[in-house]
Structures are given as structure tokens and as C-alpha cells.
Asks: 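This is the structure I have questions about; it appears just below.
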2 protein chains.
Amino acid sequence: MTETENLESRYLKSGLKMTGQRRTIIKILDEASDHPSVETVYARARQIDPSISLATVYRTLSLLEEMDLIIKRDFNDSYARYDTNIDHHHHLIDMESGAVIEFKNEELEALKLKIARDLGYDLLDHRLELYGRKKSSSS
Amino acid sequence: MTETENLESRYLKSGLKMTGQRRTIIKILDEASDHPSVETVYARARQIDPSISLATVYRTLSLLEEMDLIIKRDFNDSYARYDTNIDHHHHLIDMESGAVIEFKNEELEALKLKIARDLGYDLLDHRLELYGRKKSSSS
DNA sequence: GTAGCTGCAAACTCTTTGCAACTCT
DNA sequence: AGAGTTGCAAAGAGTTTGCAGCTAC
């Protein structure tokens, strides 16, 4: 969960232009601990810069995704959501609150490599999502 | 991969009306070994019944999904794809050919339960997708 | 006979794009 | 100055829906 560098400095290294709009969006992503949708990023961006357009949010998020600075996800929603954390991890989605919890598991990493190997494949990427309900020890 | 009953007989048990269009779509799904998209089902359906409409395909697939006879999936495509196999399994997506390979793994089932439990959750559903490239022993 | 299904076309949601104006470097 | 970025509005893809006619039961 602790990243060496924030998104802004990683972006700056690319040499691409830094505009007011991009700075706004990158700041929002840097501060986001959730996995915001385009609309959410847009809403937050408007609080900082009311004149920003949705098209710019779409374009900037696509750009950052192509640069592998963020990752596009779909948690069975009808819209895309973005993940700022590029470290490899998985998600547990709380089906009651919609909260997304990140986790890592070494055993799983080993197992999935083994499964792919057994099927005759080199693993390039993968995803695991768990959908659950919070255990209540009382009720 | 072997199902006790086919989709058609499971559908008939529901008591819902069986129309020509539904029979066509259900037959296509019963015979599909891939994970067809709405457009694919539509294209195949037209070969049997050229007058069938896309809206009916959408409606029928939604209906079958609500009845838990098929499962809607999204393999990072921009459109929905359907899975006829309701047995619990996972997918390995061949990133070169786009082929989708189904697999099961008991070790994985146990592990994912453990992960959810450790996070304080009861597991309701989950999905694992592996994205890989076929190993070539020669090249 | 009638509840429910169908085809058609229009509408809707999410995302992308053409273009003229603007802004970082 | 100039390449790249922006806002706007229009267009695009995928999906849903209202409605009048039709069909399985």
C-alpha cells in the first residue's frame, strides 16, 4: 500500500506536458484510497476546477492507463473504475457497502503460476475478485 | 464440463413460455462450447431464424441470467459474454487467440475461502481470470 | 381468451472524437 | 511559435424500453 513515488512524480518523468487539468486529476488519484469511476473523478475535479470537462477526464485517465500509471477495472459495474495502486494485489468487494478491500497473498501467486503452467501457458496477467459479506459475530 | 441436464430442460422446469425464439437461443447456448457475446448469439440465431430480433436476444439472455441458467461475464471486452456452464470454474484467456479455457482447482477454492475468512468476510462469489500466452517448447 | 412475448424504432448510458480555441514549454 | 491539450457538442457502441401486434398455453 505504500508507494515509493506518487503518481505526480511518476507522470512528470514521462516528459509529457503538465497542464492545470492534468495536475488536478493526478492529485485526485494520488489522494484517492478508493477505486473511483470516471464520474467520481470528474465530480471531485469540478470541486477544484469547475470548468474541467468530462472529455478531459476520460482522455487523461486513458492516457495514464496507457502509461501504466493506473489500472482500469470493472467490478461488475456498468462503468470503468480506476486503481491507483500499481503494486500487484487483488480485491474483495463488500457486497453490502460496495467497499473494495485490497489484499495480497503469496500462496495465491504461487498457485496461479502453477495452474497456468499445468495448462501449458505462460502467465501474463490475472485477476482475482472475491465478493463477500462482512461476518457479524453477534447476529 | 458434463452437465446432468441441458439448458432446455432446466428452462422448461421453470414453467415459462417456450417460444420459437427462445428455443432457438437456448439451443445455441446448449451447443456453444465458447462464451458467446450477444452479437454472436444473435448471428447464430439468425441462421436458424432470420426474423429474430436483437432485442429478443438481449431479453432472453437477461431472462436466463436472472434464472441463474447462464452467467454474464466480461473478459475485459467492451461487451457482455455468456457462460452456459453453471458449474463453478475459472478461466484462462489466451491473449493471442482470445480463446477462453475453463478450469477448476480445489486448492484454489480452499485458499480463497481462507483469504475471505481472514479478512472477516463470508464469501458469496468470486472470480479468477488468468491471462496467458501458450508456451512453445521450441521457440 | 389472455398473459406474456416479439419486432421495431426510439431512447438511454457510457465513452470517444472532430474541431476551433487555447496553453504549456 | 508550435505541438499538444482543452471544452464543446456531436457521434459511436452497447443495451434497454414503449408500444402495437402476435402466439403459446
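So you know, we letter chains A, B, ... as the sequences are listed, proteins then strands, and number each from 1. Values in this document were obtained by computation on a predicted structure and should not be read as measured data. Just so it is clear, the values below take in all heavy atoms, side chains as well, and ignore hydrogens, waters and symmetry mates.
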Asks: Parallel, tilted or perpendicular: which one describes the rings of A:H35 and A:H89, with boundaries at 30° and 60°?
Replies: tilted
Asks: Quickly work out the B:E39 CD to D:dT15 P distance and round it to whole Å.
Replies: 8 Å
Asks: Could you tell me whether A:L16 contacts a base, only the sugar-phosphate backbone, or nothing, with contacts defined as non-hydrogen atoms closer than 4.0 Å?
Replies: nothing
Asks: Measure the shortest side-chain to side-chain distance between A:L16 and A:L63 over non-hydrogen atoms and say whether it is less than 4.5 angstrom.
Replies: yes
Asks: Determine whether A:Y42 and A:R46 satisfy the following criterion, side-chain hydrogen bond (donor to acceptor under 3.5 Å, both in side chains), listing intermediate values before the conclusion.
Replies: CA-CA 6 Å; A:Y42 179 47; A:R46 291 179 81 156; 3.0 Å; yes
Asks: In whole Å, I'd like the distance from the OH atom of A:Y42 to the P atom of D:dG7.
Replies: 9 Å
Asks: Check the side chains of B:D83 and B:H91 for a donor-acceptor pair under 3.5 angstrom, ignoring hydrogens and angles.
Replies: yes
Asks: Rounded to the Å, how far apart are B:M18 CE and D:dC25 P?
Replies: 8 Å
Asks: Can you find a donor-acceptor pair, distance only, under 3.5 Å between B:R59 side chain and C:dG4 base?
Replies: no
Asks: Quickly work out the A:I25 CD1 to D:dT5 P distance and round it to whole Å.
Replies: 12 Å
Asks: Tell me which nucleotide among D:dT15, C:dC8, D:dT6 gets nearest to the side chain of B:V38.
Replies: D:dT15
Asks: Quick one: B:Q21 CD to C:dC5 C1', roughly how many Å, whole number?
Replies: 8 Å
Asks: Rounded to whole Å, please give me the gap between CG in B:D49 and P in C:dT6.
Replies: 10 Å
Asks: When you look at B:R22 and B:Y11, which way does the side-chain hydrogen bond (donor to acceptor under 3.5 Å, both in side chains) test go after all the steps?
Replies: CA-CA 10 Å; B:R22 289 190 184 170; B:Y11 175 82; 3.0 Å; yes
Asks: Return whichever of B:K17 or B:K72 has its heavy-atom-nearest nucleotide of DNA chain D closer to the 5' end.
Replies: B:K72
Asks: The side chain of B:S51 is closest to which nucleotide in this list: C:dC14, D:dT23, C:dG7?
Replies: C:dG7
Asks: Please tell me if A:T19 has a side-chain N or O lying less than 4.0 Å from either OP1 or OP2 of D:dT6.
Replies: yes
Asks: Tell me which nucleotide among D:dG7, D:dG4, C:dT6 gets nearest to the side chain of B:T56.
Replies: C:dT6
Asks: Quick one: A:L54 CG to D:dT5 P, roughly how many Å, whole number?
Replies: 18 Å
Asks: May I ask you to say what A:Y58 touches in the nucleic acid, namely base, sugar-phosphate or nothing, with a heavy-atom cut-off under 4.0 Å?
Replies: base
Asks: Whole angstroms only, please: what is the CZ-C1' distance between B:R22 and D:dC25?
Replies: 13 Å
Asks: Which of the following nucleotides, D:dT16, C:dC24, D:dT15, is nearest to the side chain of B:Y79?
Replies: D:dT15
